[in-house]
Protein chains: 2
Amino acid sequence: MAVDGTEQRALQYEQTLMYGRYTQELGVYAKEEAARIREDGRHRRSVSDRGPPLKLLEYEKGRCVRCRICAVHCQRFLMSRVGEDWIFLILLGLVMALVSFVMDFCIALLLQAQKWMYGGLDSNVILQYLAWVTYPVVLISFSAGFTHIVAPQAAGSGIPEMKTILRGVVLKEYLTLKTFVAKVVGLTCALGSGLPLGKEGPFVHIASLCAALLCKFMSFFGGIYENESRNIEMLAAACAVGVGCCFAAPIGGVLFSIEVTSTFFAVRNYWRGFFAATFSAFIFRVLAVWNRDEETITALFKTRFRLDFPFDLQELPAFAVIGIASGFGGALFVFLNRLIVQFMRKQKTINKFLMKKRLLYPALVTLLISTLTFPPGFGQFMAGQLTQKETLVSFFDNRTWTKQGMAEDFNYDSHSAAWKHPQANVFVILVVFIVMKFWMSALATTLPVPCGAFMPVFVIGAAFGRLVGESMAAWFPEGINTDGTIYPIVPGGYAVVGAAALSGAVTHTVSTAVIVFELTGQISHILPIMIAVILANAVAQSLQPSIYDSIIRIKKLPYLPELGWGHHEKYNIRVEDIMVRNVRYITLNSTYRDLHEILMIGNLKTVALVESAESMILLGSIERAQLQALLTQHLSRERRLEFIRDRVDAERKRVSVVSTPSSEEGGQKVNHEVRFQISTEESSFTPARPSSPKPLKPALKKTSAAEKNIEIPTSDSGIGLKNLLCARPQTDAMEEDPDAEDDMTLGEIEEWEEQQLDEQVNFNSCKIDPAPFQLVERTSLHKTHTIFSLLGLDHAYVTSIGRLIGVVSLRELRKAIEGSMTVKGVKVRPPLASFRDSGTSGTSSESEATELHKLWDRHTSISIPREHQPNASDSDDKSQ
Amino acid sequence: MAVDGTEQRALQYEQTLMYGRYTQELGVYAKEEAARIREDGRHRRSVSDRGPPLKLLEYEKGRCVRCRICAVHCQRFLMSRVGEDWIFLILLGLVMALVSFVMDFCIALLLQAQKWMYGGLDSNVILQYLAWVTYPVVLISFSAGFTHIVAPQAAGSGIPEMKTILRGVVLKEYLTLKTFVAKVVGLTCALGSGLPLGKEGPFVHIASLCAALLCKFMSFFGGIYENESRNIEMLAAACAVGVGCCFAAPIGGVLFSIEVTSTFFAVRNYWRGFFAATFSAFIFRVLAVWNRDEETITALFKTRFRLDFPFDLQELPAFAVIGIASGFGGALFVFLNRLIVQFMRKQKTINKFLMKKRLLYPALVTLLISTLTFPPGFGQFMAGQLTQKETLVSFFDNRTWTKQGMAEDFNYDSHSAAWKHPQANVFVILVVFIVMKFWMSALATTLPVPCGAFMPVFVIGAAFGRLVGESMAAWFPEGINTDGTIYPIVPGGYAVVGAAALSGAVTHTVSTAVIVFELTGQISHILPIMIAVILANAVAQSLQPSIYDSIIRIKKLPYLPELGWGHHEKYNIRVEDIMVRNVRYITLNSTYRDLHEILMIGNLKTVALVESAESMILLGSIERAQLQALLTQHLSRERRLEFIRDRVDAERKRVSVVSTPSSEEGGQKVNHEVRFQISTEESSFTPARPSSPKPLKPALKKTSAAEKNIEIPTSDSGIGLKNLLCARPQTDAMEEDPDAEDDMTLGEIEEWEEQQLDEQVNFNSCKIDPAPFQLVERTSLHKTHTIFSLLGLDHAYVTSIGRLIGVVSLRELRKAIEGSMTVKGVKVRPPLASFRDSGTSGTSSESEATELHKLWDRHTSISIPREHQPNASDSDDKSQ
């Protein structure tokens, strides 16, 4: 795929037609970034020691010392207050409410402008058509272009990325100011075009951007904002704010954001979401009141269903039907959306062409959709002139559109009038609307502009509900319950149920029910809505992943799939069934050659460090970069020069043994020589006076320097270890001893390097993770998944009594879960799992005991040699 | 405290006056129980291999073979279906809905009976008083007595216990059939008495009981119900069902149960709660419809506030005031409740007296409360004749009681009429009601009957809200917003806000807001309610623990306190500051004497096993019981008899060296002798043919037998190791060799035991937990708390590069959290935490490196002796 002129991102974000794709292993990148940030932060903190030292001030003399002390105290107090969570949350809520209000205002203006143009040109249909079509094409093209130029990451929903970020992966460019600007401007234009696009997903992203930027801003004031885990908690709250101020639905927002972004949820963080979302929703609605849009704070799509008898018990089957149908519909939507993306990606020639003319695809799609919705054209059969909001309002209306199966004259309302057509039935129009909007929404959400799928799906669901409701009203014009007063059927209630069910099915959430209550301001239909949403979820979850998980797979974001519902195999599969047994490791007495081999073989992120190959006792893990640095440093030009110097010294000494006694420095050099002799020839000679050829501190410094250089492609002489060691730091070696000359031939260098490779690795200057996560071999898949998703791991070592026996990474886990989740018949059940079911657990304790026995034998045979014989006999006894 | 005649519980549940208290360490008990259950389950599974083997059937011949195969297939299919989660959840929902409905029906009958008696005797006030007072006294006394006799654990709310159980602690007697019966009968009587008691907490408990019993019942059908972690997931769902069918509030139920019982919440279990609670609430309401109580499914306490203008923006400060006042009120309620319990416990003499006459305390309290509420007496000033439900209905009424500050004639409704008094103002009556009900509820919830505190608090909150609302209505008779149409103030709305806020403050939950929406069927006041609930929570959480945490502390249940809000110290405290450094451990070459000493010293539950005292590499942990078994077995009579036999053999051999060659058994005995010689005299002689003196299997069996006997107090001869080793299994030793005679004297036995104690421990027959949970020393308190509460740990070892350096248990963690959570000034901050803030992390990597260096030195010096010299020089270099 062609990569165009914009700057190459560090993360190797590959620009594709609709969604980007990552080509680099994200984990590596994330770790490096995290290390860099930590380095930066440490540096900054040590440099900026803000505020005058209080203690010193008190010793000063002068008139205004007391005032100054007071001022400093006040400043400190304010600083400490700024660090409090609730200040941050209020600020976040306030900013988001303002952003939401301003955006809504702009979107309304843009939509009004289109209507005004369209209305003004009603003399000429062709002009009208051109105006109707050009306006959205221009807006969408602008949105796509702007997003592409400023921050391509802003395209799409944003919820999949937030889900990944909250899982613990660092996707840095997703939380920058540039992305914020691109997302806000792009979303405003996209929604202003009138295409069936949503704003919920982007709002979650915008709120998270706000939170990240606020954190960055607030870190100028206090230190607490530099804490990583606190910032992640704040991001989780921000997601709730996003949904909350988008729909003025604080409770639904919190629940939806939890369901969509989290796997495990800490109840102690619950209040943050509620607090911020409530404040944000409050301000958002207060702004509407102040702007004279509303008289007081009420729901966004207020309904007026009757309270005393909202629905009959006998209507419940109809609600259940809506739920089940929505489940299938939701799965179909996700499938269709993915199909379109995959189809566009596969068509290489079209793809290439469209990648060159970036704006062509959005423009074409917009042209197609707006042509079809042109009100005097086909749009008249699908209420084309209504905006999303107007459509919803007309669906939630509590009056019936039909009576006795015939379309009534319902011209009381301009919105509902759109559903009346002289030639066509209301039912036909509703069916056309549903079918057309369905594929249009699935198509429109693939556009590279900031947009979500929630709102379009919500509208389609409402339409489907309305269709069922109107049918019911036509079927039972007098209401179902005929033994008393007549309670006619309320099709608006069906629309509410349908909206909740379909959006729940697409996003795999139950909390859409709560969102619907808060949106409509009525909770009277709680049971039908809950039943429909649960049924829709049950159907959709067994057919397709959620739209967000689908996008995660399309974008190949690093994420662990969820465990499905009620698959009992997960309790029987154990880590030992899925782990990789052939673990790469280094031991405490590995040579540099072993290091080299391990680095050459795979692309491991970390390597396990064990005590020795026989004991296999796990001591820790070392990052690849650290090992590379070790190897680089050991084979550095600098050390080679030192070696040459030593050799020269030695020769000189041999030539003039009876010359003047060597200086202090000379003496050290002798020691060097001796040391090298020892380590290469393994004699038992001990130097009289110990000396360190290289003190620890500089070595550490050099390592970090080497670490930084790792990404620079090799430009040094390609001798010995070809391309593996990327950079060899030369600078300080040259400075140290400028008069030393590199007079070794290529052969000599190669020989020297071979010699060096046989030395034992010195781990002193190497950072070791002293407690990599360990699992026991009998841990169940269920528990492993829990631990991985809670602690955000990407690999764990499997140990048995301290001995390393395997490793499990995200990849194995994902495979195992997906294996156990395939449909019946194809289920990949590890062969051992079935065997184990029938076995008693007596064997387990036995095998454990045996393992220990081996270890014990080994131990005693090594450390207490005099007991060697009896133990051998003991272990032999065993094998009888 | 006196323990009376009922059977002593295994858990050493101590009967106190109001709440029970645990005297035994629960952890130990839980583990033993778990082990027992596991043993049982294994046994049962192996015994009952249900259903005819299918494979064999197919080879059979006969006419109806095909039918039988078919039948077996069907049976299997049905069995597998029964294991599905949703079947279980539907059953649970159905059962709970039925229980809830029947209980409500009975409670209503009981309350009606009281009214009927009171109404029928209106000719004579004294008779009326006697009837009014005797009825609740009898009911409460019966409830207390019944609960006490059948299952004392049924008393109280049950939510604290469920919280503890969901944390992973096994409290077995809380989930038995007896407790279920006691709870249901007791609760019905207690609520039927008309005392201010609630049913939410008990319902949570009843639902959990239902789930546990259903699990037990269903395990007859399928194997999946034997899975421990699945059952805990089901219990979590059951808690939601409890709240859901108590208030017909599925969403609020799920959220409330999450907030109240969980610390961490797996989103994948979310749906279970929703599904079961919805189904349960649906059936519960459908039953009401079928019973002709209601026309259709609506809310329990339906309100009829106006939808178009529910409240004015300028009323919001009043709502905020309600929230803040409720916060203080909630904290006061929790404090008062605890104070009463502690006061009653301290008064030794009263306590003793009341413990003997168990029913006196409940009867006295009931007498006091019902005397005060007697309608013709003081009750006329606090609407004494209304039941809880009627009170709530009158509070939520949307008509104003006052006009222009004067009580209007509002006799339209029998319920509201209770608030009208010829002499007293409505405000006075409301204030009296609030004050009296406040202490009455706090007192009544300490009674030893099944009862909760939610509903009484809810009613008090509603009264307080009504008071504020009526005041506002009197203050602004025309409504606040005077520029347009008149919207009078709705005091019912204030009552709803107050109810949500106070119950939220007492339980420390935000989801009471959702419960209120579902209870009233209206969501129009969402923003005021959310604001009030959040403010109330903020105030209450900074003053007191929640009522449930308070009871947990009173009952001393094993629970980890929550981390407070926004205490940043938690990020700075590290495990190394709080861990216990002096860890008891055993090494691979420990002698039995070391084992003995460790067992003598403390009451550790598990002991760490390290490689050796120098290396300290952690290999695993061993339970105390296992070690005891090891020691017991090593010093058993059986082994002593063997020793005697060997000695006799040896003597015999020495006497007749040239006698007949020994038989096979004799040969083995020779080997025995040889082996013993080897292990005691440490010669280097190897036996020609290896033989096992004791095969592994029987040894294992004996261990488990010994394990079982541990709880039997020692009855054996008190020689040598006094009371430490509880039981010495004798049975199979006697069977094995009945003719061997124990002719050792006491002195000889002691000598033999001393000799045995010096032998190295043989861990072969010992179960070792191969991966006890490990932490690194630099783990933050925050993360430690997270891991402990998620994984339900009770201790974790602290390691550094595989070396054991400390241990952290729940106790240390609790101390550290409570230390960091005390009020300012008394805050216990570990001295190292402050020091660490200023230090750079450069030191950390250095120290890590040094640690490893030591390890490396040790390692090389032991395992590769020939390299000893150079390495020593290397390490000496270092120290320069």
Side-chain angles (χ1 to χ4, degrees), chain A residues 84-85 224 227 250 262-268 274-275 278 282 296-297 309 312 510 517 521 523-524 527 530 534 562-563 566 568 571 588 617 619-620 678-679 684 686-687 690 692 763-764 767 770-771 774 776 790 799-802 845 849 852-853 856 859 862-863 869-870 873 876-877 880, chain B residues 84-85 224 227 250 262-268 274-275 278 282 289 296-297 309 312-313 510 517 521 523-524 527 530 534 562 566 568 571 588 617 619-620 678-679 684 686-687 690 692 763-764 767 770-771 774 776 790 800-802 845 849 852-853 856 859 862-863 869-870 873 876-877 880:
Chain A
E84 304 263 325
D85 288 351
I224 187 69
N227 189 301
S262 312
T263 313
F264 273 92
F265 184 68
V267 177
R268 64 164 176 266
F274 269 108
F275 182 78
T278 304
F282 170 64
T296 187
I297 294 178
F309 195 93
D312 198 312
V510 196
F517 299 142
I523 204 171
S524 49
L527 273 178
M530 288 302 296
I534 287 173
E562 302 276 318
L563 291 177
H568 312 309
Y571 298 105
L588 277 182
I617 288 181
L619 298 177
I678 290 164
S679 55
S684 61
T686 320
S692 160
F763 288 107
N764 285 346
K767 276 184 198 160
Q774 295 173 37
V776 207
L790 185 90
T799 55
S800 166
I801 327 178
S845 68
L852 182 68
H853 189 258
W856 186 39
H859 170 76
I862 289 173
S863 60
Q869 288 298 346
S873 81
D876 282 345
D877 284 351
Q880 192 192 25
Chain B
E84 304 262 325
D85 288 351
I224 186 71
N227 189 300
S262 312
T263 313
F264 273 91
F265 185 69
V267 177
R268 66 164 175 265
F274 269 108
F275 182 77
T278 304
F282 168 65
V289 175
T296 187
I297 293 178
F309 195 93
D312 198 312
L313 260 189
V510 196
F517 299 142
I523 204 170
S524 50
L527 273 178
M530 289 302 296
I534 286 172
E562 302 276 317
H568 311 311
Y571 296 107
L588 277 182
I617 288 181
L619 297 178
I678 290 163
S679 54
S684 59
T686 319
S692 159
F763 288 106
N764 283 348
K767 275 185 199 161
Q774 295 172 39
V776 207
L790 184 90
S800 166
I801 327 179
S845 68
L852 183 66
H853 189 258
W856 187 38
H859 170 75
I862 289 173
S863 60
Q869 288 300 343
S873 82
D876 283 346
D877 284 352
Q880 191 194 26

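These numbers come from the heavy atoms of this one structure, side chains and all, not from hydrogens, waters or symmetry mates. In the text below, chain A, chain B and the rest are named by the order of the sequence lines, each starting its count at 1. A quick note: this is a predicted structure, and the numbers were derived from the prediction, not measured.
Across all non-hydrogen atoms, the minimal contact from Val510(B) to Phe274(A) is CG1-CG, 3.8 Å. The shortest heavy-atom contact between Phe282(A) and Leu313(B) is CE1-CD2, 4.3 Å.
Rounding to the nearest 0.5 angstrom, the gap separating the CD1 atom in Ile534(A) from the OG1 atom in Thr278(B) is 3.5 Å.
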